[in-house]
Number of protein chains: 2
Amino acid sequence: MPSSTVENYLKNILIVSLETKSSVVSMGKIAQGLSVTPGTATTMIKNMAADGWISYFPRKGVRLTRKGRKFAMSMLRRHRLLETFLVETLGLDWSEIHVEAEELEHAISEKVLEKLDEFLGRPRTDPHGHPIPTKGGHIYRANSKTLFLCKAGMKVRIDSIIDQESDFLRFARSKKLIPGNEVTILSHEKEADAIILQIGSDNPFSLGSRSSEKILVSL
Amino acid sequence: MPSSTVENYLKNILIVSLETKSSVVSMGKIAQGLSVTPGTATTMIKNMAADGWISYFPRKGVRLTRKGRKFAMSMLRRHRLLETFLVETLGLDWSEIHVEAEELEHAISEKVLEKLDEFLGRPRTDPHGHPIPTKGGHIYRANSKTLFLCKAGMKVRIDSIIDQESDFLRFARSKKLIPGNEVTILSHEKEADAIILQIGSDNPFSLGSRSSEKILVSL
DNA sequence: ATTCAAATTTTGATTAGTCAAAGTATATGT
DNA sequence: ACATATACTTTGACTAATCAAAATTTGAAT
């Protein structure tokens, strides 16, 4: 069994490789994602490679092995099921669940997780709209695009919010930028780096690229 | 904030001092309770004393400081609320919850615990019948005796089961030795080291001192 | 081709928690 | 009062994870 530190490295590598759609993840991304110095990441990664969690390509980066990917998926499953539980059952706020789940995911056993999944009615997505991997380690890939890529006139549905920062999540909710909601793009001016959009009959508002890239949509 | 190791030491010291009703706990008990070598306990205890969790009396033992006791109580609260949740909400078996709670108690925050307490309807006791400390660190002291001290003819109610071993708990349940149930002592022969008892109209059965000391009763 | 900045690796040191084994104190029985 | 078993402490060593700072590699720009 991996230590919680190894669990964190694995989950992080998986998330980055899903986000960037490339199976090889650079050392820089890893060090940054785990908030450790580059040297720490290097030593850790070498140990993990020795234990068969990843393949290590010096000065290139890292790729999850089959075993590593499977475990990383199970971490993601834990995390997202726990987030769902914290919101749905205990009524915690959308913006505070990430940190809580980050701790609990290392402590919950497969057995308890299975019961929790059952209790929650086997949800497909977490409160941020992210798909929850199955027990077998399979993840549903929505073909979402970021809101930033949408053209004026389009009407799309929000799939998920990528950012886990409480501040952004609070802002998102206040604007009704919530999974499931429909958004109309009123205009998208590249030069101004601004998308103007409207949800329902609320007042239109604008988002820059930084923010609109954090929102995945489809349709 | 203490590390999970320190949390474990604190909880253990509290439990032993509640069980033995003496505020000073010996190094031997600590080492045994935490399954570490005596030397490890000594070094750990010295660090904890330096951090103000306990008072250390060399070659005598250890006493929780006010701060240590408060924290230890909060650990006990976490543990017992989690056990309750695992049985009541998720439907895990009585005999398997101890180990699970032991992991989760280090990961759950005060905020989540508070929500959980509310969700469970602020239970007073855990599934083993042990009182759950309040948020303020106060614990309800039942004036229970061990079943071993009961005389023939007495009719008592089971308050709690002390042992956390799955094997014993499975046995206890099979005999209906469960908190709340009424027990009639048919005979208690000191020399034979055997109590014969009956629950409801079930077949009478006997317990030795080892087992009957693990069951707390009152009335 | 050469230089330089950025990314990565190496090196040496630190901390928390642990063990084994050797050393020391204490209490208990004769 | 003394011997000795038992409980406890000390010592030296080890592992996992980390950092700071120095050294190295790579790739891009001049």
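Every heavy atom of this structure was used, including side-chain atoms; hydrogens, water molecules and symmetry mates were not. By convention in this document, chain letters (A, B, ...) are assigned in the order of the sequence lines, proteins followed by strands, and residues within each chain are numbered from 1.
- At C:dT10, one or more side-chain N or O atoms of A:Lys46 fall inside 4.0 Å of OP1 or OP2 (strictly under the cut-off).
- Contact annotation for B:Lys29: no contact, since no heavy-atom pair falls under 4.0 Å across all strands.
- Note: CE (A:Met44) to P (C:dT9) measures 15 Å, nearest angstrom.
- Formation of a donor-acceptor pair under 3.5 Å by the B:Asp93 side chain with backbone atoms of B:Ser95 is found in this model.
- Looking at B:Thr65, its side chain does come within 3.5 Å of a backbone N or O of B:Trp53 through a donor-acceptor pair.
- Side chains of B:Glu100 and A:Ser109: a donor-acceptor N/O pair is present below 3.5 angstrom, by distance only.
- Within residues 4-19 of chain B, no residue has any heavy atom closer than 4.0 Å to DNA chain D.
- Looking at heavy-atom distances under 4.0 Å, A:Thr43 makes contact with a base.
- Salt-bridge formation is detected for the pair B:Lys11/B:Glu102: a Lys NZ or Arg NE/NH1/NH2 atom is positioned less than 4.0 Å from an Asp or Glu carboxylate oxygen.
- The side chain of B:Ser3 places an N or O atom within less than 4.0 Å of a non-bridging phosphate oxygen (OP1 or OP2) of C:dG17.
- Rounded to whole Å, the distance from CD1 on B:Ile30 to P on D:dA7 is 14 Å.
- When heavy atoms are screened at a 4.0 angstrom cut-off, B:Phe57 is found touching no nucleic acid atom at all.
- Across all their heavy atoms, A:Ile158 and A:Val217 have their closest contact at CA-CG1, 4.1 Å.
- The interatomic distance linking A:Lys60 (NZ) with D:dG27 (C1') rounds to 11 Å, in whole Å.
- Between A:Asp117 and A:Arg77, at least one side-chain N (NZ, or NE/NH1/NH2) sits under 4.0 Å from a carboxylate O, which counts as a salt bridge.
- Shown for residues 32-42 of chain B: residues whose heavy atoms fall under 4.0 angstrom of DNA chain D, namely B:Pro38, B:Gly39, B:Thr42.
- The CG-P distance, from B:Asn47 to D:dT10, rounds to 12 Å in whole Å.
- One finds no salt bridge joining B:Glu96 and B:Arg170 here, because no Lys/Arg side-chain nitrogen approaches an Asp/Glu carboxylate oxygen to under 4.0 Å.
- Taking atom CD1 of A:Ile45 as the reference point, atom P of D:dT18 lies 11 Å away to the nearest angstrom.
- In terms of position along DNA chain D, the nucleotide closest to B:Gly61 lies nearer the 5' end than the nucleotide closest to the other residue of the pair B:Gly61 and A:Arg59.
- Of the N and O atoms on the side chains of B:Ser209 and B:Asp193, at least one donor lies less than 3.5 Å from an acceptor on the other residue.
- To the nearest angstrom, C1' of C:dT10 lies 10 Å from OH of A:Tyr56.
- Taking atom CG on A:Asp51 and atom P on D:dT15, their separation rounds to 14 Å, with Å as the unit.
- The pair A:Arg122-A:Glu114 meets the salt-bridge criterion, with a side-chain N (NZ, NE, NH1 or NH2) lying under 4.0 Å from an Asp/Glu carboxylate O.
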